[in-house]
Amino acid sequence: MTDSLIKTAAAQPVDTSNRKAELLSKQVKHIDIKSFDARPIVDAMSDMSFTSRDLGRATKIYNEMLADKDCTVVLVIAGSTSAGGCMDLYAELVRNNMVDCIVATGATIVDMDFFEGLGHKHYQALEIPDDDTLRSLYIDRIYDTYIDEEALQNVDHTIFEIAESLEPKAYSSRAFIREMGKYLVEHGKKENSLVKLAYEHDVPIFCPAFVDSSAGFGLVKHQVDAAKAGRPYLMIDAVADFRELTQIKIEAGTTGLLMIGGGVPKNFIQDTVVCAEILGHDDVAVHKYAVQITVADVRDGACSSSTLQEAASWGKVNTGIEQMVFAEAGSVMPLLASDAYHRGHWKDRAKRGWAKLFAA
């Protein structure tokens with residue numbers, strides 16, 4: 001009798017829809033840097049020690065970049081701060097002419113920003129996560145943030161649709177992401193999308209590891225389907241990424257780097273100085289300004305944690321105007337960005353419009 005009851009109970013269908021809705025009930029709210037003025041607290045932190053003083057100096061350097069009439073500012077993003085609440089922050093930097101070029105991971109641009117541009121959301125984890133349960137419900141986890149995998153697959157298929165609509169040739173990630181921005185202008189559901197705003201303001205976005213994201217799934221499907229049908233297909237040209245970004249460095253001259261995290265995007269933008277030299281442009285200067293916010297440990301030898309002082313030995317960064325900030329970026333970027341927004345140096349900056357360099 002007991003065995004029979006157990007078997008009957010086990011055979012009952014489990015209603016997972018309510019459980020999934022329960023776990024995806026609290027949306028991540030992206031911080032609005034215009035809604036508060038961080039200048040007083042940043043000024044106060046500048047008179048402290050440890051990370052507080054580092055943040056104060058980093059913010060001062062970023063403001064110097066914006067005040068320098070000759071400086072092209074490059075925003076470099078690795079990690080998951082976009083999913084964690086900084087998405088609108090980065091969008092405001094583009095909207096208010098506070099960055100001129102972006103180098104980021106595919107996850108930041110595709111799985112997070114383009115994802116929300118299509119109308120999807122990120123959610124806060126409200127309890128200790130059980131990852132086996134999350135997998136059974138098709139919920140993906142980034143630390144304490146959830147993503148609906150079914151919504152993410154919509155991104156995969158949208159990338160596929162964009163690829164199917166384009167001429168089958170080689171594209172840099174910048175060129176393809178520009179098509180994504182154009183798609184959001186026509187079909188998007190979020191005004192404050194970094195990809196959309198970058199398209200509208202001619203701010204080029206580069207993802208040196210573009211296919212390591214939902215873009216990869218969509219582009220693989222595009223190529224496989226095209227090959228089966230005997231059709232030509234488009235490709236992502238990583239060499240073109242490097243060439244185009246180096247061309248911006250050559251044309252820009254004075255450059256400043258605002259780096260969140262590290263990894264491939266950090267090394268990619270720093271390498272443009274060396275690439276320019278290889279191309280015979282010995283007059284191209286190292287990056288004049290550099291700020292990096294990271295929690296990576298400098299002892300493991302990885303690029304993410306290598307200091308900006310170390311980068312000087314490679315001929316990439318000026319040692320005089322640089323600052324490392326060892327902090328979780330989501331906790332300090334709102335202060336840095338709000339301070340810079342309210343100091344207002346961006347109001348007198350000329351728009352670079354670097355994307356126009358590559359206009360067809």
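Scope of the values below: all heavy atoms of this structure, side chains included, with no hydrogens, waters or symmetry mates.
Residues Asp148 and Lys20 are paired through a salt bridge, judged by an N-O separation under 4.0 Å between the basic side chain and the carboxylate. Remark: Lys34 does not engage Asp88 in a salt bridge, criterion side-chain N to carboxylate O under 4.0 Å. The pair Glu191-Lys196 meets the salt-bridge criterion, with a side-chain N (NZ, NE, NH1 or NH2) lying under 4.0 Å from an Asp/Glu carboxylate O. Using a 4.0 Å cut-off between a side-chain N of Lys or Arg and a carboxylate O of Asp or Glu, Arg19 and Glu127 qualify as a salt bridge. Look at Arg343 and Asp339 and you find a salt bridge, because one of the NZ, NE, NH1 or NH2 atoms lies within 4.0 Å of a carboxylate O, short of that distance.
The main-chain N or O of Ile269 is found under 3.5 Å from a side-chain atom of His287 such that the two form a donor-acceptor pair. For the pair His342 (side chain) and Ser338 (backbone), a donor-acceptor distance under 3.5 Å is present. Checking side-chain atoms of Arg352 against main-chain N and O of Val99 turns up no donor-acceptor pair under 3.5 Å. Side-chain N or O atoms of Asn96 include none that pairs as donor or acceptor with a backbone N or O of Met98 at under 3.5 Å. Although no hydrogens or angles enter the test, the distance criterion places no donor-acceptor pair under 3.5 Å between the side chain of Ser193 and the main chain of Lys190.
In this structure the side chain of Met45 never reaches within 4.5 angstrom of the side chain of Thr59, judged on heavy atoms. Two residues are said to be in side-chain contact when any heavy atoms from C-beta on lie closer than 4.5 Å; His281 and Lys249 fail this criterion. Inter-residue side-chain proximity for Ser25 and Leu126 is flagged as met; some heavy-atom pair is nearer than 4.5 Å. Contact of the Ile159 side chain with the Phe217 side chain is not registered, since no non-hydrogen atoms from C-beta on lie closer than 4.5 Å. Counting heavy atoms from C-beta on, the side chains of Gln323 and Asp54 come closer than 4.5 Å. Residues Leu118 and Leu184 have side chains in contact (heavy-atom distance under 4.5 Å, counting atoms from C-beta outward). Val195 is not listed as a side-chain neighbour of Tyr199, based on a closest heavy-atom distance of 4.5 Å or more. Considering only heavy atoms from C-beta on, Ile77 stays 4.5 Å or farther from Pro265 through its side chain.
In the model, Ser214 has a side-chain atom that pairs as donor or acceptor with a side-chain atom of Asp156 under 3.5 Å. Using modelled atom types and a 3.5 Å distance limit, the side chains of Asp68 and Tyr289 yield a donor-acceptor pair. Looking only at atom types and distance, the side chain of Ser82 has no donor-acceptor partner in the side chain of Asp113 under 3.5 Å away. A side-chain N or O of His222 and one of Glu164 form a donor-acceptor pair less than 3.5 Å apart.
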Practice task
Carefully, step by step, assess Lys121 and Val28 under the rule side chain to side chain contact (heavy atoms under 4.5 Å, CB included).
Solution key: CA-CA 8 Å; Lys121 302 296 181 183; Val28 170; over 6 Å; no
- Message: Assess the residue pair Gln223 and Val220 against the criterion (side chain to side chain contact (heavy atoms under 4.5 Å, CB included)); give the C-alpha distance rounded to whole Å, side-chain angles, the decisive distance to 0.1 Å, and a yes or no.
- Response: CA-CA 5 Å; Gln223 289 195 352; Val220 166; 5.9 Å; no
Q. Run the side chain to side chain contact (heavy atoms under 4.5 Å, CB included) check on Glu277 and Asp282 step by step: do they pass?
A. CA-CA 5 Å; Glu277 183 179 350; Asp282 297 329; 3.7 Å; yes
**OP:** Kindly determine whether Asp70 and Lys288 satisfy salt bridge (charged side-chain N to carboxylate O under 4.0 Å, His left out), including the steps that lead there.
**Re:** CA-CA 11 Å; Asp70 298 322; Lys288 181 176 181 180; over 6 Å; no
| request: Start with the C-alpha gap between Tyr143 and Ser80, add the side-chain angles, then the distance that decides, and say whether side chain to side chain contact (heavy atoms under 4.5 Å, CB included) holds. | output: CA-CA 9 Å; Tyr143 187 54; Ser80 299; over 6 Å; no
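A cation-pi arrangement is present between Lys169 and Tyr171, with the terminal nitrogen or guanidinium carbon under 6.0 Å from the aromatic centre and inside a 45° cone about the axis.
The hydrophobic cluster containing Phe114 does not contain Val185, counting ILVMFWY residues as joined when their side-chain heavy atoms lie under 4.5 angstrom apart, directly or transitively. Val295 and Val264 fall into different hydrophobic clusters, defined by Ile, Leu, Val, Met, Phe, Trp and Tyr side-chain heavy atoms under 4.5 Å apart, directly or through other members. Using a 4.5 Å cut-off between side-chain heavy atoms of Ile, Leu, Val, Met, Phe, Trp and Tyr, with links allowed through other members, Leu245 and Leu357 fall into the same hydrophobic cluster. One hydrophobic cluster, built from ILVMFWY side chains closer than 4.5 Å, holds both Val94 and Tyr183. At a threshold of 4.5 Å between side-chain heavy atoms, the hydrophobic network of Ile, Leu, Val, Met, Phe, Trp and Tyr places Phe36 and Leu89 in one connected group.
In this structure, Asp111 and Ser213 approach most closely via the heavy-atom pair OD1-CB, 3.4 Å. Annotation for Thr246 and Ala276: closest pair CG2-N, 3.7 Å, computed over non-hydrogen atoms. Residue Pro208 comes nearest to Val103 through the heavy atom pair CD-CG1, 3.9 Å, listed as atom of the first residue, atom of the second, then distance. Minimum interatomic distance between Met112 and Met87 (heavy atoms only, all atoms of both residues): O-CE, 3.4 Å. Residue Ile236 comes nearest to Leu219 through the heavy atom pair CG1-CD1, 3.6 Å, listed as atom of the first residue, atom of the second, then distance. Shortest non-hydrogen contact noted between Trp346 and Asn97 is CB-O, 4.1 Å.
The environment of CZ in Arg141 is crowded: more than 12 heavy-atom neighbours from other residues, nucleotides or ligands sit within 6.0 Å. More than 12 heavy atoms of other residues, nucleotides or ligands shown are found within 6.0 angstrom of CG on Asn63.
Residue Met235 holds its CE atom at 13.5 Å from CZ of Phe176, rounded to the nearest 0.5 Å. Remark: Leu194 CG to His201 NE2 distance equals 10.5 Å, nearest 0.5 Å. Here the CD1-OG1 distance, from Ile248 to Thr272, works out to 9.5 Å after rounding to the nearest 0.5 Å. Taking CG from Leu335 and CE from Met333, the interatomic distance works out to 10.0 Å, rounded to the nearest 0.5 Å. For the atom pair CE of Met65 and CG of Leu258, the computed distance is 6.0 Å after rounding to the nearest 0.5 Å. Of the inter-residue distances, the one linking Gln292 atom CD with Glu322 atom CD reads 10.0 Å to the nearest 0.5 angstrom.
Residue Asp202 forms a salt bridge (charged side-chain N to carboxylate O under 4.0 Å, His left out) with just one option from Lys351, Arg178, Arg174, and that option is Arg178. Put simply, the residue from Asp241, Ile205, Ile177 that forms a side chain to side chain contact (heavy atoms under 4.5 Å, CB included) with Phe210 is Ile177.
Residues satisfying the side-chain hydrogen bond (donor to acceptor under 3.5 Å, both in side chains) criterion with Asp32, sequence neighbours excluded, are absent altogether.
Separation of the Phe268 and Phe206 ring centroids does not fall under the 6.0 Å cut-off.
Cluster note: Ile139 groups with Leu23, Leu24, Tyr123, Leu134, Leu137, Tyr146 through ILVMFWY side-chain heavy atoms spaced under 4.5 Å, whether in direct contact or through intervening members.
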